[in-house]
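Below is one structure, written out as structure tokens; comments come after it.
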Amino acid sequence: MEKVILIRYGEIHLKGQNRPYFERVLLNNIKRALKDISGVKVLKAQGRFYVENYSDEAAVVDALTRVFGIVSISPAYKLDKDFDTITQYAQMIMKDFIANSQKDVLTFKVESRRADKKFPMDSMTISRELGGRLLRQFPELKVDVHNPDMVLNVEVREYTYIYHEMIPCAGGMPVGTNGKAALLLSGGIDSPVAGWMIAKRGVALTAVHFHSFPYTSDRSKEKVIELARILTRYCGSIRLHVVPFTRIQQELYEKCPDEQLTILMRRSMMKIAQEVAKREGAAALITGESIGQVASQTVDSLVVTNAAVAMPVFRPLIGFDKIDIMNIASNIGTYETSILPYEDCCTVFTPRHPATHPRLEKIIKSEQLIDEEVLIKEALENIEVIEL
Ligand code: ATP
Ligand code: MG
């Protein structure tokens, strides 16, 4: 007997000819997610992945739930193909299940699959025989084929696998199968969620953060590093580009109309991020913007911000309410870090009455009041790169 974890993957089945490629990327991502767990082996057999040879099951399960492309996993017993052995483990699983339940009567069904046609019992017979033996041993059990408390799965393949838990995982597609995009990562709640959503669709991330030292502290930078680190648990390594943004902000502050500051800043961020993206081989930008959330996210403001760059900008949260974004942030584990109260570069230079309906021609005129090209070049030259 050995304990293993069965891994099910979803959408990559849809990809026809690309399937071997998607499987290869997913397998690599699984191995990377488990690399710190000693001894663990990841195998592919008969169109499925298995994890074997681990001592800390909880750690393996925890890591696998975050790998995009995995739909669900099941910790299972891997047994010889012998019906008495199967019965023995089925009884053990059932005993545990009953002990952990509050109910007086428990319903169950056995679901069997026989991939190995040489096994002498067909799937119907396995289910019926095993169900019968369990009913005889545990008087608190009843069969319910429609809505049971527990489904006991028996799969007879090269070995027999028996399990009842089906742990839902992140879903989505393997990171790296859909190119790369540059995430504008602030220390707020929204942008980590936006990055997570795009990574979930198989897109690898590179991150860009604008830092306004000394207006923003080292602690606020640490916070962003921590957010990026949390994202790496889902999408593997991330190169975080910390861009010194103070000079540009000061120039804008001194030379441009106060009410335009936010939108001007947003446009410089987009332009710089686009350059970083090009260097990194990323084809699109990602932001955490959502319509109407703040003055710089009215439809008119978004239009003007968008016009700063030629690259497509992915805004996965565009139609989300804040509360829904907060819920995702909690689920993926970024929320607690995002709400730490360190200052953000945008809050330092925020105008008292930001324009909510900026006009592109006016904004472009204001941009000519500073030496934007030189300032952007200087910012790009002084980027600090942090590998996570
Ligand atoms: P968030 O919670 O992500 O900070 P927000 O609601 O505070 O978003 P804004 O401050 O208007 O919104 O920023 C909109 C988007 O611009 C952010 O989601 C992020 O993608 C990007 N952004 C803002 N500030 C920064 C920054 N300092 N560094 C990198 N990107 C930033
Ligand atoms: Mg913000």
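Here the structure is a predicted model, which means the values were calculated and not measured. Both counts, for ligands and for their atoms, begin at 1 and track the order of listing.
Judged by distance alone, with hydrogens and angles left aside, the side-chain atoms of His209 form a donor-acceptor pair with the main-chain N or O of Leu185 at under 3.5 Å. No donor-acceptor distance shorter than 3.5 angstrom exists from the side chain of Asp321 to the backbone of Asp324, with no hydrogens or angles considered.
Residue-ligand proximity, Val208 to ligand 1, at heavy-atom distances under 4.0 Å covers atoms 29 (C). Proximity to Gly288 (heavy-atom distance under 4.0 Å) selects the following atoms of ligand 1: 17 (C), 18 (O), 20 (O). Near Ser296, the atoms of ligand 1 lying under 4.0 angstrom from a non-hydrogen atom of the residue are 11 (O). Heavy-atom proximity to Thr287, at under 4.0 Å, picks out these atoms of ligand 1: 20 (O). Close approach to Asp190 involves these atoms of ligand 1, each under 4.0 Å from a residue heavy atom: 1 (P), 2 (O), 3 (O), 5 (P), 6 (O), 8 (O). Shown in contact with Gly188 at under 4.0 Å from a heavy atom are these atoms of ligand 1, numbered in order with element: 1 (P), 2 (O), 4 (O). For ligand 1, the atoms closer than 4.0 angstrom to any heavy atom of Ile189 are 2 (O).
Looking at Glu226 and Lys223, no side-chain N of the basic residue comes within less than 4.0 Å of a carboxylate O on the acidic one, giving no salt bridge. Using a cut-off of 4.0 Å between Lys/Arg side-chain N and Asp/Glu carboxylate O, Lys365 and Glu361 are scored as not salt-bridged.
Relative to the six-membered ring of Tyr77, Lys3 meets both conditions, a distance below 6.0 Å and an angle of at most 45° to the axis.
Inspection of the Thr87 and Arg133 side chains reveals an N or O donor paired with an N or O acceptor under 3.5 Å. If you check the side chains of Arg8 and Ser72, you find a donor sitting under 3.5 Å from an acceptor.
Annotation: Ile286 places no N or O atom under 3.5 Å from an N or O atom of ligand 1; distance criterion only. For ligand 1, the polar-atom distance check finds no N/O of Gly187 at less than 3.5 Å from any of the ligand's N/O atoms.
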(request) Give the intermediate values and the outcome of side-chain contact (heavy atoms from CB on, under 4.5 Å) for residues Glu372 and Arg267. (result) CA-CA 11 Å; Glu372 202 185 25; Arg267 281 173 55 93; 5.7 Å; no
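Residue contacts with ligand 1 for Val224 are absent, since no atom lies close enough (heavy atoms, distance under 4.0 Å). Contacts between Gln297 and ligand 1, counted as non-hydrogen atom pairs separated by less than 4.0 Å, involve the side chain only.
At least one heavy atom of Arg266 sits less than 4.0 Å from an atom of ligand 1.
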